[in-house]
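First up is the structure itself, then whatever we jot down about it.
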Amino acid sequence: MIVDCHFHIDEKMLTLEKMIEGMDKNDITKTVLIASMNETMFEGGSAFQHNLQHFFRFLILNAPQIGLKIYDGLVKDGFLKLHGSSYKIFTKPSNDIVATAIARFPERFLGWVAVNPLAHESVEEVEFYLNNPSFIGVKAHPFMHEYSIKALDPIAALCESKGVPMIIHLSSEADSYKYLPENYPKLKLIYAHAGLPFWKKLWKYVKDQPNVYVDTSSDYLNQSIVKKAVESLGFRKVLYGCDGPYGMKKFNNYDYSEKKSWIESLHIPDNQKEYILGKNFLGLID
């Protein structure tokens, strides 16, 4: 079974029907949905944008002090700023939209409960949605919502006690990737986008943490970075995800095959690829 563990829902970009069509074409059995974190945004697809993304990856990997400064500049005053455009960040992402999608297609979708610990009653909301067995864990975004990792203490304690995973898009807060594993050692953690913005430092740390993983989602990554992550961590620490529909240039035209090819092209045995494509994730939600 192939499971995409990281996909946002925004039907202004990609309808659920078209999403399922793309899943079927690429043999993806289930997708784990996350509420949109920001306003609808299509990619321009210019050579300049492509080169800028390539340069950003190079800096994060090889000159992280500079790369982190650029990363920090992507979020300001409640807006995500990319390629000269600004997109409003949602303070309280709508988990109801995910619940509705799951109700329409219960055999194809699972859900992450998106949480902002700065929003009122965040713990109560998490408990409410986790009562629905199709919601399998919690998504936190310290980067966009601009809070310290310590603000997740109540949510982390809840997830650890319930045995459900958290998936986190980290901010640049120094050593923040160490905080939850060291304070909640039984908590199942997934660091999104291969552990952006720390990558090499995070991979070295995560390798020896029994309950900590990374996913392969997002245009922040490319085939080479996914290869490096798998080489550093091993196939049992990596989960397949897309981070769609972001990266699209046209409505209802999402290319699933590119990010799946990052896994398929790895020079490892097919049975190890199966763990990355689904078995590792399914083990986390058993």
Side-chain angles (χ1 to χ4, degrees), residues 5-6 8 34-39 41 52-53 55-83 86-93 112-119 122-123 126 137-159 165-184 187-206 209 212-221 225 229 239 241 243 246:
C5 78
H6 190 144
H8 294 269
I34 309 169
S36 295
M37 294 288 164
N38 51 265
E39 289 179 317
M41 58 179 186
L52 198 63
Q53 286 177 336
F55 185 54
F56 175 72
R57 295 184 196 108
F58 174 84
L59 290 175
I60 289 289
L61 282 169
N62 301 292
Q65 287 184 328
I66 300 172
L68 288 175
K69 287 182 179 179
I70 296 173
Y71 182 68
D72 285 340
L74 297 177
V75 171
K76 187 176 181 181
D77 300 327
F79 286 84
L80 177 66
K81 299 178 181 292
L82 287 176
H83 315 310
S86 294
Y87 305 93
K88 182 176 175 59
I89 295 167
F90 301 141
T91 301
K92 197 172 184 299
W112 292 104
V113 186
V115 63
N116 179 356
L118 303 182
S122 59
V123 174
V126 169
V138 171
K139 164 66 182 284
H141 214 308
F143 174 55
M144 280 197 186
H145 290 147
E146 299 183 275
Y147 56 81
S148 169
I149 198 76
K150 294 180 181 180
L152 288 170
D153 277 337
I155 309 296
L158 176 66
C159 290
M166 288 183 70
I167 185 168
I168 302 177
H169 184 145
L170 289 163
S171 73
S172 64
E173 180 183 10
D175 292 335
S176 55
Y177 56 89
K178 297 180 181 180
Y179 179 76
L180 293 177
E182 291 175 2
N183 288 276
Y184 303 92
L187 175 64
K188 302 171 186 177
L189 272 176
I190 305 164
Y191 288 130
H193 320 315
L196 182 79
F198 299 104
W199 286 347
K200 287 180 180 178
K201 286 172 61 178
L202 180 143
W203 299 339
K204 185 176 180 181
Y205 175 79
V206 164
Q209 299 298 317
V212 189
Y213 304 79
V214 303
D215 77 23
T216 64
S217 68
S218 176
D219 286 343
Y220 287 116
L221 311 184
I225 293 171
L239 314 177
D243 199 31
Y246 304 123

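For clarity, every value in this text was computed on a predicted model and none was experimentally measured. All residue numbers refer to positions in the sequence shown, counting from 1.
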TODO: Could you pull out the closest heavy-atom pair between Ile167 and Ala192, with the gap in Å?
DONE: CG1-CB, 4.3 Å
Open item on the list: Among Tyr191, Tyr147, Phe143, Phe198, exactly one meets ring-ring contact (aromatic ring centres under 6.0 Å, His included) together with His169. Which residue is that?
Closed with: Phe143
Open item on the list: Nearest 0.5 angstrom please: Tyr220 OH to Tyr71 OH, how far?
Closed with: 6.0 Å
Open item on the list: Quick one, Ile225 and Ile60 - any side-chain contact, counting heavy atoms below 4.5 Å?
Closed with: no
Task: Any side-chain heavy-atom pair of Leu152 and Met166 under 4.5 Å - done: yes
TODO: Please report the shortest heavy-atom distance between Ile155 and Ser122, naming the atom on each side.
DONE: CD1-OG, 4.0 Å
Task: Gap between atom CG of Leu158 and atom CG of Asp153 - 0.5 Å precision - done: 12.5 Å
Open item on the list: Restricting to non-hydrogen atoms, name the atom on Pro117 and the atom on Ala151 that form the minimum distance, rounded to 0.1 Å.
Closed with: CB-O, 3.4 Å
Task: Pro181 side chain near Leu187 side chain, heavy-atom distance below 4.5 Å - done: no
TODO: Give, for atom CD1 of Ile70 and atom OG of Ser172, the distance between the pair rounded to the nearest 0.5 Å.
DONE: 12.5 Å
Task: For the student: nearest non-hydrogen atoms of Gly241 and Thr216, plus distance - done: N-OG1, 3.3 Å
Task: Contact summary for Tyr179 and Lys150, nearest pair of heavy atoms - done: CZ-CG, 3.5 Å
- [ ] Find the distance between CD (Glu146) and CG (Asp72) and round it off to the nearest 0.5 Å.
- [x] 9.0 Å
Task: Atom NZ of Lys81 with >12 non-hydrogen neighbours under 6.0 angstrom - done: yes
- [ ] Drop me the distance from Ser86's OG to Lys76's NZ, to the nearest 0.5 angstrom.
- [x] 10.0 Å
- [ ] Begin from the C-alpha positions of Lys139 and His8 and carry the test side chain to side chain contact (heavy atoms under 4.5 Å, CB included) through to its verdict.
- [x] CA-CA 11 Å; Lys139 164 66 182 284; His8 294 269; 3.8 Å; yes
Task: Atom pair OG/CD1 of Ser217 and Ile34 - distance to nearest 0.5 Å - done: 7.5 Å
Open item on the list: Less than 4.5 Å apart, side chain to side chain, heavy atoms only: is that true for Met37 and His145?
Closed with: yes
TODO: Evaluate the side-chain proximity of Asn62 to Lys200: yes if any heavy-atom separation is below 4.5 Å, no if none is.
DONE: yes
- [ ] Please examine the side chains of Ser36 and Tyr246, heavy atoms only from C-beta on, and report whether any two atoms are closer than 4.5 Å.
- [x] yes
Task: Exercise: identify the closest heavy-atom pair between Met144 and Ile89 - done: O-CD1, 3.8 Å
Task: Check: Glu39 side chain, Tyr87 main-chain N or O, donor-acceptor pair, under 3.5 Å - done: no
Task: Check: His193 main-chain N/O paired with Asp215 side-chain donor or acceptor under 3.5 Å - done: yes
Open item on the list: With no hydrogens and no angle check, just 3.5 Å: does a side-chain donor-acceptor pair link His141 and Asn116?
Closed with: no
TODO: For Glu173 and Ile149, indicate whether the former's side chain and the latter's backbone hold a donor-acceptor pair under 3.5 Å.
DONE: yes
Task: Pair Leu221-Trp199, side chain to side chain contact (heavy atoms under 4.5 Å, CB included): steps then yes or no - done: CA-CA 10 Å; Leu221 311 184; Trp199 286 347; 3.3 Å; yes
- [ ] Side-chain contact test, heavy atoms from C-beta onward, threshold under 4.5 Å: evaluate it for Val206 versus Tyr177 and give yes or no.
- [x] no
Open item on the list: Can you list everything that forms a side-chain hydrogen bond (donor to acceptor under 3.5 Å, both in side chains) with Glu182? Sequence neighbours excluded, please.
Closed with: Tyr205
TODO: For residues Leu82 and Leu74, determine if any side-chain heavy atom of one lies less than 4.5 Å from a side-chain heavy atom of the other.
DONE: yes
Open item on the list: Checking the side chain of Trp112 only, and the main-chain atoms of Cys5 only, is there a donor and an acceptor separated by less than 3.5 Å?
Closed with: yes
